[in-house]
Amino acid sequence: MFTNISRIDEESYGLLVESVKEYAIFIIDVNGYITTWNKGAEQIKGYTASEIIGEHISVFYTPEEIANNEPETNLQLARAYGRFECEGWRLRKDGTLFWANVIFAALKNDKGELVGFGKVTRDETARKNAAEEINRLNSELTNLLQRSQIETADYKHALDESAIVAITDQKGIIKHVNENFCRISKYSEKELIGQDHRIINSGHHAKAFIKELWTTIANGKIWKGELKNKAKDGTFYWVDTTIVPFLNEHGKPYQYLAIRSDITQRKLFEEELLRVNEEQERTIAARTLELREALAAARELNDIKTRFVSLASHEFRTPLSAILTSASLVNHYLEPEFEDKRNKHIDRIKGAVHHLTNILDDFLSVEKLEQGKIETAGADFNLIPVIEETIDSMEGMVKKRNHEIQFIYSEPISVFQDKKIFRNILLNLLSNAIKYSADGKTIQVITGVKGANVFVSVKDNGIGIPLESQKELFSIFFRANNAAHIQGTGLGLNIVKKYVEMLGGSIYFTSVENEGSTFTIEFPKNL
């Protein structure tokens, strides 16, 4: 079946195709060879599926059409425009000709690639013969009426037997309808006479379409087209319509003859085909989006794994090597006179263990945050003393690097927030500022009030963050490419961001490489 129809729709669509006996419905590959064949095709064309599958569509064309390369031209038009409709004489198996209305539709897969063509053919021989007969009778009647040789009743009888007929005056008021008109519209003749065609207007066609119809016939020209009308019971029906103006001696229309044939089933089939294709396009679009999101998530996970491997190979290997080396050397400095050297290696072991402990603490923090195991506990406190105490707790790191931390504020700030989470945020930001600044630099902590929110900024004069690294800065295990030589896990800012969000706030930064960075957290006074 159609390659761009989902499996569930394909089953129901297949039942629909096989149940329609009035249409020859089959699929053609990209080279014009038949791949499927329904019962309607067998009935109209005279071939069984086993006889025709694998044959080229030119088998149905007349020799003249084949000589004019019409089969290939039709396929090319469908390929170019997606859908192509035509009419012409076609051959049955027994060699007889029938007048066919043919619709070609290009079929595409979920990548938009052409995989074949759908072809729907209807035997319109009866309609064509009737139309030709109507035209012949119309022409003959016009001549005969001019010579007063026949009665209008004979003409009316011929039309009534073969079509849906209505006659209106030059203003469009209905003067006559036949039984076929009453049957399809479900109005009685009495209800229709004296009305105009707005009584069956479905509202489907644009005003410009109706205006073009009236302009054509008012100028004495024949109009042909398809109209969607509404019956008395509210149901809709489609008619293939020809409107013929009758002209007076001045060349002006004095009445109009509308001749119609019922094409409702054909239009319903076309609408169903369109609906299935549109639904499939939406399904393909949704699945494409899902696939893109899945691929993006897979790439992100792969990046995280890569960064973790890099972290493990560097941040674990270095302190473990230091512990192993110092532990081995301690045994060589057991004598009292080597106490200084012994203590130096013991301090190196303690420092390495402390570093590994910090890494494990970061891992545990991330795990708890991801699983929602950390909860906020609001309390009233003054923000200024908490910041001062946090700065004091960094004294060891500050002295070791000969830094100075300046705390700038203008007034006390009372908040109802989680004090422990706030301290962890500030400790992490201060630690980064110290770590990524050269010795002897000044670090500033600035706090203030912004409406209902509080902000705290930590400004350093360190190495800064390269522009290309800034968009990934809060990603897990991510480290800027100019920080590879400095100890770090790539977890700190990811943890800080999650902590700030727990306070109901946000974090943002400005940074210039080799000039420094400023990280600012902003959160509401009340949790």
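Keep in mind that the numbers below use all heavy atoms, side chains included, and drop hydrogens, waters and symmetry copies. Bear in mind the structure is a predicted one, so any value in this text is a computation, not a measurement.
Other residues, nucleotides and ligands contribute more than 12 heavy atoms inside 6.0 Å of the OH atom of Tyr508. When the shell of 6.0 Å around CZ of Phe209 is examined, it contains more than 12 heavy atoms from other residues, nucleotides or ligands.
Using a 4.0 Å cut-off between charged nitrogen and carboxylate oxygen, Arg275 and Glu278 do not count as a salt-bridge pair. Glu132 and Lys128 are joined by a salt bridge, as a carboxylate oxygen and a charged side-chain nitrogen come within less than 4.0 angstrom of each other. Looking at Glu290 and Arg287, no side-chain N of the basic residue comes within less than 4.0 Å of a carboxylate O on the acidic one, giving no salt bridge. Using a 4.0 Å cut-off between charged side-chain N and carboxylate O, Glu522 and Lys450 make a salt bridge. A salt bridge links Arg198 to Asp196: one of the charged nitrogens lies within less than 4.0 Å of a carboxylate oxygen. In this structure, Arg122 does not pair ionically with Glu87, as no charged nitrogen and carboxylate oxygen lie closer than 4.0 Å. Checked for salt-bridge contact, Asp240 and Lys267 miss the test: no charged N lies under 4.0 Å from a carboxylate O.
Using a 4.5 Å cut-off on side-chain heavy atoms (C-beta onward), Phe98 and Phe60 make no contact. Counting only heavy atoms from C-beta outward, the side chains of Thr518 and Ser511 never approach each other to under 4.5 Å. Contact annotation: the side chain of Ile57 approaches that of Ile34 to within less than 4.5 Å [non-hydrogen atoms, C-beta and beyond]. For the pair Glu226/Thr241, no side-chain contact is recorded, criterion being any heavy-atom separation below 4.5 Å from C-beta on. By the 4.5 Å heavy-atom criterion applied to side chains, Phe117 and Ile27 are not counted as neighbours. You'll find the side chain of Gln170 stays beyond 4.5 Å of the side chain of Gln255, heavy atoms only. For the pair Val454 and Phe523, the minimum side-chain heavy-atom distance is below 4.5 Å.
The shortest heavy-atom contact between Tyr187 and Ala231 is CE1-C, 4.2 Å. Residues Phe519 and Leu429 approach most closely at CB-CD2, 4.0 Å, considering heavy atoms.
Put simply, the side chain of Gln417 gets close to the backbone of Pro524: a donor and an acceptor are under 3.5 Å apart. The backbone N or O of Val415 sits nowhere less than 3.5 Å from a side-chain atom of Asn526 that would complete a donor-acceptor pair. With Glu51 contributing its side chain and Thr48 its backbone, the two residues share a donor-acceptor pair below 3.5 Å.
The cationic group of Lys228 does not satisfy the cation-pi geometry with Tyr237, failing either the under 6.0 Å distance to the six-membered ring centre or the 45° limit from the ring axis. Figure legend: cation-pi geometry between Arg266 and Tyr23 absent, as NZ or CZ is not positioned both under 6.0 Å from the six-membered ring centre and within 45° of its axis.
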Test salt bridge (Lys or Arg N to Asp or Glu O under 4.0 Å) on Arg83 and Glu270 and set out the steps. CA-CA 11 Å; Arg83 181 183 181 278; Glu270 291 175 359; 3.5 Å; yes

Report the C-alpha distance between Trp214 and His197 in whole Å, list the side-chain angles of each, state the deciding distance to 0.1 Å, and finish with yes or no for ring-ring contact (aromatic ring centres under 6.0 Å, His included). CA-CA 12 Å; Trp214 275 103; His197 276 76; 8.1 Å; no

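Aromatic ring orientation, His205 versus Trp238: perpendicular (interplanar angle above 60°, classes split at 30° and 60°).
A donor atom on one side chain and an acceptor atom on the other are not found under 3.5 Å apart for Thr73 and Gln76.
For the side chain to side chain donor-acceptor pair (under 3.5 Å) test with Ser188, the passing option among Lys190, Lys186, Glu191 is Glu191; the others fail. For the pairing with Asn229, the side-chain contact (heavy atoms from CB on, under 4.5 Å) check across Ile199, Val239, Thr235 returns one residue only, Val239.
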